[in-house]
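When a residue number appears, it is its place in the shown sequence, counting from 1. Each ligand, and each atom within it, is numbered from 1 in the order the structure gives.
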Amino acid sequence: MRPDELSPLFAEANVLKGVGPHVLTLLKKALRLPPGVTRPRVVDLLWHLPTGVIDRRAEPTVVAAVPGTIATLKVRVLKHKPPPRGNTKAPYKIATEDETGRLDLVFFRTERSFIERQLPVGAERYVSGRVERYGETLQMAHPDYIVAPEARDDLPLLEPVYPLTAGLSGKALFKASRQALTRAPDLAEWQNPSWLKQQGWPTFADALRRLHTPDDAADVSPMSAPLQRLAYDELLANQLALAIVRESFKGQSGRSVRGNGRLRQKIVEALPFALTGSQSSALAEIEADMAAPRRMLRLLQGDVGSGKTVVALLAMAVAVEAGAQAALMAPTEVLARQHAETIAPLANATGLTIGLLTGREKGRARTELLSRLASGEINILIGTHALFQDDVAFRDLAFAVIDEQHRFGVHQRLALQSKGNGGANMLVMTATPIPRTLLMTHYGDLEVSRLTEKPAGRKPITTRKIPNASLEKLIARVRAQLAEGAQVYWVCPLIESSDVSDLAAAEERHAHLTQALGEGIGLLHGGMNATAKDATMAAFADGNLKVLVATTVIEVGVNVPNANIMVIEHAERFGLAQLHQLRGRVGRGSRESFCMLLYQEPLSKTADQRLAMMEETEDGFLIAEKDLELRGGGEVLGARQSGDAEFRIAGVPTFGELLSAAHDDARMILASDPALTSPRGEALRRLLYLFECDEAIRLFRAA
Ligand code: ADP
Ligand code: MG
C-alpha cells in the first residue's frame, strides 16, 4: 500500500549505523512514537526535532578564548600528564598550545587508550567544548569534539540539541538523525506553490535539513519557516484525512439502531445508584443519534469521576437490544481490564456476554474469543489497541465507544470505525475539556454531550503543594491516616535527563515507605508483566495493600473508591491535565480526600502558578484552560506526559492559526480534485502516507 519511495523512512531505526539494541531502547523512550508503534523507525527520528542549538562557531586563539563559553580551538598536543598511579580520582591532563598560549585538556575516568589514540603528542587537533579557567591555566574538560584537521567537516559548528532521555547522548541522536536525513527522498511538492511563496516556506526536504542541520539558532524556533512548514504539512495531512472520511461518509446512509429498553432497564435496576440528570440526558442524546439514519459521531465530555462508564455501557446495550454488537476501547491494558471488571457483574445481571481482548490474549484463547465474536455470541467486546488488528472481525458491530480519546490517533479511530458494517456509530469519551479548535483537528465537526454534575455524595478533595523537604512530615500524616483505614496512591513520575530510571525511583520510594510504614505497600510499574500488574491492582482494590506506589501507569480511569489520598512526587513535572486526572482517582468514596503535590525546590514561577491552580480548583475545564495558557507550547515535558500524541510536530496551541488554514485548504483540495488524481493530488497522497493516515486513504479508495 505505502509507496516504495517512502520505504526507507519506515524502516526500523536499527538500519542506521550506531543504532544497536541499546540505543534503540533509548530512542523508544526519547522519541514520541504514535500510539501502537512500539519500535522507533527512521521517520520517527525525522519528526524528533531539535529545541535549540549549541553554537561552536567561535574560533578564537587560546589567548582570546572567553572562559565560560563554548569554543572551537585549533591546538597542538604537547604532553600527556596521566594521573599518578593508584589515584583514580585525579584527572588525566593533556597540555596543548597554539601560537598564543596554553590550553589543558582534562579527562576524568577516561580510558587511557582512547585518549592516546585521539591525541597523540605532536598532532594538531580541533577541540570543541566549554572553555574554563582553572587557577592560572585555561582548560577544557572532556571536549565534545576532538577531530584532526582533515576531518574538520565532521565537527558541527552549530549542533542541534534534541530532547533526550537518560543514557542517550546528544551525539548518538545527532548521528542517527543525520543518517535519517540522508534517507529522506525528494518528494514532489504537495503544497500550493503560491501559498508557499507567500509564507516564505522552504521545500519539505529543505525544511527537514534546516531543522536537523541548522545554520542559525533561529532555524529551530517554533516560529521558524522550516518548522512552520512541517507543522503545516502535518496539519494538512490531518485535515485532509478527516475531510476524506467525512466525504466518504456522506455517501452512506448510516444505520439506524433502535433498542427496546429491555437490557437497559435491567442494568439500571442492578446499579447501586440512580443516574444523574446529565447522565440521563447524555443517554437520551446518544439514543436519538443512534436511531437517526445517519452515522453518529458524538463526543461525551465529563470530568474525571463524572460517571462516563455507565453511560457507555447503557449506550452499548442499545446496540445489543437492536441485535447488533458493541465495542469499548481503552488506551491501556489496566484500564481495559478495569472496564471489563466493572461491567462484568452488570452484564451478568442482564444476560449480556462480554469479551476482553488486549495484547495479552494470545494463542488458543484468542482464536476462541475471535470465533465467538464472529458468531455474534459476544455482545460487547472490551479491549485496547488490539481491537484494530486485521483478524478481529465482528458479526455486526453497530456501535463503538472510545475511552480517553486523546491517547489514540485519528487513523486508529478510523480503523475501529471501519470494522462496523456500513460504518459503526461512534461515541468518544474524554475527561479533558477540549477547546473548539482542537476538536476540529480531531474530528472535523461533531456533536458534544457533557456530564456537568458529579454523582451525589462526592466530597471535595483538599489539595496541597508540599516541598520535598517536608517528605518525612507527610509520611507521618500518611501513617496516621492509614491507621484509620485510609488507602494511598503514591505516584512517582518518569524521570527525564537523569541517570536514575523511573523504575529505580519508584523502587526506592517503595523500599523507603515499607521501612517507614510497614507491610502492605505495593509497587506497580510499566515493566511488570500483566499478571503481576493485575494481582497488585486487585490487592489494592481489595484493601490488602494500603499504599500503592506506582509510576504513571495508574494515570487514567482506575477506580478504587476507598482510596482517599493521592501523593504525586515531582508534581512540577506533570501537565495540569494529568495532575487533574490523577487527583480524580481519589474523592470517590465516603472518606475525606487529599491530594499532596510534592515538588522539588526551587519552583519556577510558572510551575508555582500551576500547582497553585491545582490547590484552588477542582474544575477540569478551568484547569484545562489555564494549562493551555501557561504551557503555551513551551513545556515539552508537560506536553509529552499529557500523552497527547496526536501531533508529532504541530503541537497545539502554538500552531492554532495554521490549523484553520489547513482546514480550509483540505476542503478546497477535495472540492477541486475529489479523487486526488491531479499531480498535486498524487503528491498529497504521499503526504498522507508520510503522516500515517493510511486508513483514510483506504476508506477513500473504497468510496
Ligand atoms: P469517569 O467519568 O471518570 O470514567 P467512572 O465512570 O469511572 O468515571 O465513574 C466513577 C465512579 O462513579 C464509579 O465508581 C461509578 O460507579 C460511580 N458512579 C457513576 N455514576 C454514578 C451516579 N449516578 N451516582 C453515584 N455514583 C456513580
Ligand atoms: Mg473513565
Could a heavy atom of [X] be found less than 4.0 Å from some atom of ligand 1?
{"X": "Ala274", "value": "yes"}
{"X": "Gly302", "value": "no"}
{"X": "Ser306", "value": "yes"}

Check this for me, if you would: do [X] and [Y] make a salt bridge, where the nitrogen-to-carboxylate-oxygen distance has to be below 4.0 angstrom?
{"X": "Arg372", "Y": "Glu377", "value": "yes"}
{"X": "Asp303", "Y": "Lys308", "value": "no"}
{"X": "Arg610", "Y": "Glu615", "value": "no"}
{"X": "Arg337", "Y": "Glu333", "value": "yes"}

Donor-acceptor pair, side chain of Arg255 and main chain of Ala292, under 3.5 angstrom: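 The answer is no, because no donor-acceptor pair under 3.5 Å joins these two groups.
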Report yes if Gly305 has an N/O atom closer than 3.5 Å to an N/O atom of ligand 1; otherwise report no.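 Yes, there is a polar N/O contact under 3.5 Å.
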Is there a polar contact, in the sense of an N or O pair closer than 3.5 Å, between Gly307 and ligand 1?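 Such a contact does occur with ligand 1.
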Does only the side chain of Thr276 get under 4.0 Å from ligand 1, or the backbone, or both, or neither? Count heavy atoms.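 It is both parts that get close, each with some atom under 4.0 Å.
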Region of Met429 that comes within reach of ligand 1 [heavy atoms, distance under 4.0 Å]: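 Under 4.0 Å from ligand 1, Met429 contributes no heavy atoms.
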Which atoms of ligand 1 have any heavy atom of Thr309 under 4.0 Å away?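 Counting atoms of ligand 1 from 1, those under 4.0 Å from Thr309 are 4 (O), 5 (P), 6 (O), 7 (O).
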Under 4.0 Å from a heavy atom of Leu275: which atoms of ligand 1 are those, numbered in the order shown and with their elements?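 Result: 23 (N).
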Please report, to 0.1 Å, the donor-acceptor pairs under 3.5 Å made by any side chain of residues 592-600, with sequence neighbours excluded.
residue, atom, partner, partner atom, Å
Ser593, OG, Gly587, N, 3.1
Ser593, OG, Arg591, O, 3.4
Gln600, OE1, Asn468, ND2, 2.9

With a 3.5 Å cut-off and sequence neighbours excluded, list the donor-acceptor pairs that the side chains of residues 267-277 form with protein atoms.
residue, atom, partner, partner atom, Å
Glu269, OE2, Gln265, NE2, 3.2
Thr276, OG1, Gln279, N, 3.1
Thr276, OG1, Gln279, OE1, 3.4

